[in-house]
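Within every chain, numbering begins at 1; the chains are lettered A, B, ... in the order of the sequence lines, protein sequences first and strands thereafter. Heavy-atom basis, side chains included; hydrogens, waters and symmetry copies ignored.
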Amino acid sequence: MVMEQVKEQFKASLASALPGQDIALERPRSWEHGDLAFPCFRAAKALGVPPPKLAQDLAARMTIDGGELVAAGPYLNLRLQPEARARVLLEALLGPTPFGSAPDHDEAVLVEYSSPNIAKLFTIGHLRSTMIGHALAQVNRYLGCRVQRLNHLGDWGTQFGTLLAAYKRWAEAENPALDQDFPWAEEIPERRRNPLFRLFQLYVRFHQEEEQDPAMRDEARAWFRRLEEGDSEARRLWSWFREISLAEFHRIYARLGVAFDALDGEAFYEDRLAAAVAKLETSGLLEEGEGGARIVRLEDAGIQTPCIVLKADGTSIYATRDLAAALYRQETYAFDRCLYVVGSDQVLHFQQLFAVLNKLDPWFQGRMVHAPFGMVKLPEGKMSTRKGNVVFLEDVLDEAVTRVRAIIEEKNPDLPSKERVAEQLGLGAVVFFDALNDRVKPITFAWDRVIALDGDTGPYVQYAHARICSVLRKAGEAWAQAVRLAAPAGPEVAALTFHLATVPDELPGLDEPAAQSLLFELAGLPDALRNAQREHMATPLARQLLAIAKTFSGFYTQCPILKPDIEAPVRDARLALCAATARALRQGLFLMGIQAPEEM
RNA sequence: GCGCCCGUAGCUCAGUUGGAUAGAGCAUCAGGCUUCGAACCUGAGGGUCGGGCGUUCGAGUCGCUCCGGGCGCACCA
């Protein structure tokens with residue numbers, strides 16, 4: 001990438017001017033300072049001169065092709081000439097190599113995300129793991145990693161005891177096929193009248209009644225035990241409940257454009273549990289805990305609560321399955337990094353899990369990463385599937401789409417394929433909102449914020465993209481083609497393939513501050529991608545896309561492109577900048593799992 | 001009680017390995033479409049970055065401490 005070459009040249013030049021000094025460059029806050037900055041504080045201190053003096057000396061002594069070096073107080077800024085800056089960036093953005101991507105470097109990354117529990121409906125909370133994980137998988141791929149997307153389905157565990165017990169109690173006699181509403185069903189919307197919702201109702205009812213009758217808990221436990229011991233009736237029902245759930249999950253994943261390379265849920269590891277436990281036993285890590293459970297003590301790792309590997313009744317627990325899964329993945333994928341995109345309420349669990357693995361095999365040290373995210377709360381308090389006070393994901397998506405539909409009718413009633421665009425914008429709003437803020441911060445759900453359509457939102461970025469497409473269409477087929485895809489895109493690819501576009505030989509008309517600041521924001525995209533990878537969240541990417549879209553809007557209002565008095569070379573240079581911006585926005589949104597329509 | 005996370009404008013939040021005058025959006029107020037899409041743009045007001053001490057040439061960012069909030073703390077996931 002050409003911008004990298006400029007950076008390397010600057011770095012090398014500084015290194016020879018300041019032998020032995022650590023050369024750390026940074027990206028200035030504002031484009032007016034320049035493209036790259038060298039803060040002189042540290043080197044100046046080492047050399048015993050005031051930082052501003054050093055900056056001036058360096059500015060006088062060094063030269064960089066196509067740019068000037070300016071001392072601004074304690075900073076030495078590299079500022080490219082406006083035309084050189086435009087050329088460097090436009091060639092990188094319109095060239096064949098995806099902008100800001102990295103060549104394959106053979107690093108194997110596993111991302112475990114979404115991982116819904118069978119027999120539960122997707123709530124707004126599930127969107128977090130699903131879309132953060134999707135974006136992480138996409139960004140890591142874009143940056144050259146070999147990524148495996150893992151969905152650790154919650155298809156095993158005591159909850160199945162609950163489900164089996166509830167089914168036997170209330171459904172088997174009255175509604176064995178779960179094909180009609182239960183007598184106790186309240187008025188529910190048509191599209192929720194499916195078997196999965198009825199399973200969900202059974203689950204909720206069991207937990208409600210269990211509070212009055214604690215003996216029911218033993219009933220559920222007994223059923224899980226039967227399941228784990230291979231009881232044929234328990235197995236048959238389990239498998240059926242799982243199918244019902246998966247059918248619904250796949251429908252939602254298709255809507256969100258999310259896919260996985262493996263759906264090995266907890267049940268998949270069932271026949272590996274014994275081996276995992278045996279391995280712990282041989283390593284001498286297992287001890288007898290209070291009440292007869294088999295545990296691993298972790299005080300020496302700074303964790304006071306031991307990890308329970310087998311419950312007192314001998315059955316497995318989620319830690320057992322996570323241990324078996326980690327060992328399986330070690331063998332199967334030989335990964336460099338394994339990211340768990342799981343809620344922050346499980347930090348202790350992952351600390352324990354990683355600590356046990358490190359004791360078992362130092363190979364795991366540093367490879368296991370929990371990327372926790374803040375839980376979604378309601379204004380009234382915590383969401384609880386068991387208690388039934390939840391916001392369902394599809395209700396949010398549908399409401400967002402409905403709101404978009406109304407705005408389309410108001411502002412652009414002649415738009416072709418309205419329904420498809422409404423879907424893309426509605427989902428864009430919800431998904432972008434989720435990525436906008438720091439992963440670890442809890443979110444208090446508020447309709448107005450989640451499905452907002454103006455301000456710092458997905459549709460704002462999508463609008464900038466659509467406006468550019470509109471200009472390019474008017475500029476002619478060749479330009480319109482420059483932002484269209486030459487190959488189909490889907491959840492299986494990370495880098496979009498655009499039709500060929502060429503940068504004009506001359507680039508006048510990009511000297512205005514509005515154009516230069518847009519170029520500067522575009523130049524920030526590679527850093528944003530690397531930050532997203534390093535911090536395991538899409539937030540830096542979302543923020544940078546917003547900055548690009550915002551700066552583009554300024555450019556658009558201040559720099560006419562197709563007006564009659566605009567000369568051809570100026571027009572073409574500006575069109576090239578438009579095309580470059582549209583590509584950056586479309587690619588960036590795509591990595592986040594958001595589509596960018598050409599019209600809206 | 002112990003552990004982890006968080007505290008930045010009225011509200012919701014950004015703030016890159018510690019670096020230039022702490023930035024957005026919403027809300028409020030004042031402007032801008034016979035001209036490339038106004039789902040937009042320009043401007044204004046609004047801050048002792050929870051309090052204090054410390055490390056540093058330099059702290060919203062690192063350390064200690066206090067206050068306030070969230071989550072977790074042995075057989076749920």
For [X], report the nucleic acid contact type (base, sugar-phosphate, nothing); a contact means any heavy atom under 4.0 Å.
X	result
A:Val347	nothing
A:Gln304	nothing
A:His349	nothing
A:Met600	base
A:Asn77	base

Same-atom distance (C1') from B:rC64 to B:rA20, integer angstrom: 29 Å

For B:rC53 and B:rA59, measure between their C1' atoms and round to the nearest Å.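 Result for the C1' pair: 14 Å, nearest Å.
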
Does A:Arg297 come within less than 4.0 Å of A:Glu287, counting only side-chain N to carboxylate O?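 A:Glu287 and A:Arg297: salt-bridged.
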
Test log, rule side chain to side chain donor-acceptor pair (under 3.5 Å), inputs A:Ser316 and A:Glu228: CA-CA 9 Å; A:Ser316 68; A:Glu228 204 160 41; 2.7 Å; yes

Are any of [X]'s side-chain N or O atoms less than 4.0 Å away from OP1 or OP2 of [N]?
X	N	value
A:Arg543	B:rU16	no
A:Thr162	B:rC76	no
A:Lys441	B:rG70	no
A:Tyr463	B:rA39	yes
A:Arg221	B:rC76	yes
A:Arg467	B:rA38	yes
A:Tyr556	B:rA39	no
A:Lys474	B:rC36	no

Quick check for you: among B:rU17, B:rA77, B:rC13, whose closest atom lies nearest to any side-chain atom of A:Glu535? B:rU17

Taking B:rC36, B:rA74, B:rA39 as options, the one with an atom nearest any side-chain atom of A:Leu425 is B:rA39

Donor-acceptor pair, side chain of A:Ser417 and main chain of A:Arg420, under 3.5 angstrom: no

Short side-chain to backbone donor-acceptor contact, A:Glu281 and A:Leu286, under 3.5 Å: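 No, A:Glu281 side chain to A:Leu286 backbone: no donor-acceptor pair under 3.5 Å.
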
Nearest whole Å is fine: how far is [N] [atom2] from [X] [atom1]?
X	N	atom1	atom2	answer
A:Phe373	B:rC6	CZ	C1'	17 Å
A:Gln346	B:rC4	CD	P	19 Å
A:Lys377	B:rG69	NZ	P	12 Å
A:His465	B:rC40	NE2	P	17 Å
A:Arg530	B:rU17	CZ	P	12 Å
A:Glu598	B:rA39	CD	P	19 Å

Could you list all N or O pairs between the protein and nucleotides 54-60 of chain B that sit under 3.5 Å apart?
from: B:rC57; atom 1: OP1; to: A:Lys45; atom 2: NZ; distance (Å): 2.2

Taking N and O atoms by type only, does the side chain of A:Glu290 place a donor or acceptor under 3.5 Å from a partner on the base of B:rA74?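 Looking at the base of B:rA74, it does pair with a donor or acceptor on the side chain of A:Glu290 (distance under 3.5 Å).
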
Under the salt bridge (Lys or Arg N to Asp or Glu O under 4.0 Å) test, residues paired with A:Asp448 that sit two or more places apart: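 In terms of salt bridge (Lys or Arg N to Asp or Glu O under 4.0 Å), with neighbours along the sequence ignored, A:Asp448 is linked to A:Arg403.
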
Nucleotides 42-47 of chain B: protein proximity per nucleotide (B base, S sugar-phosphate only, - neither; heavy atom, under 4.0 Å): ------

Check each of A:Glu209, A:Arg205, A:Glu210 against A:His207 using the side chain to side chain donor-acceptor pair (under 3.5 Å) test, and report the only one that passes. A:Glu210

Might you work through the side chain to side chain donor-acceptor pair (under 3.5 Å) test for A:Gln424 and A:Gln462, ending with a clear yes or no? CA-CA 9 Å; A:Gln424 291 177 337; A:Gln462 290 168 314; over 6 Å; no

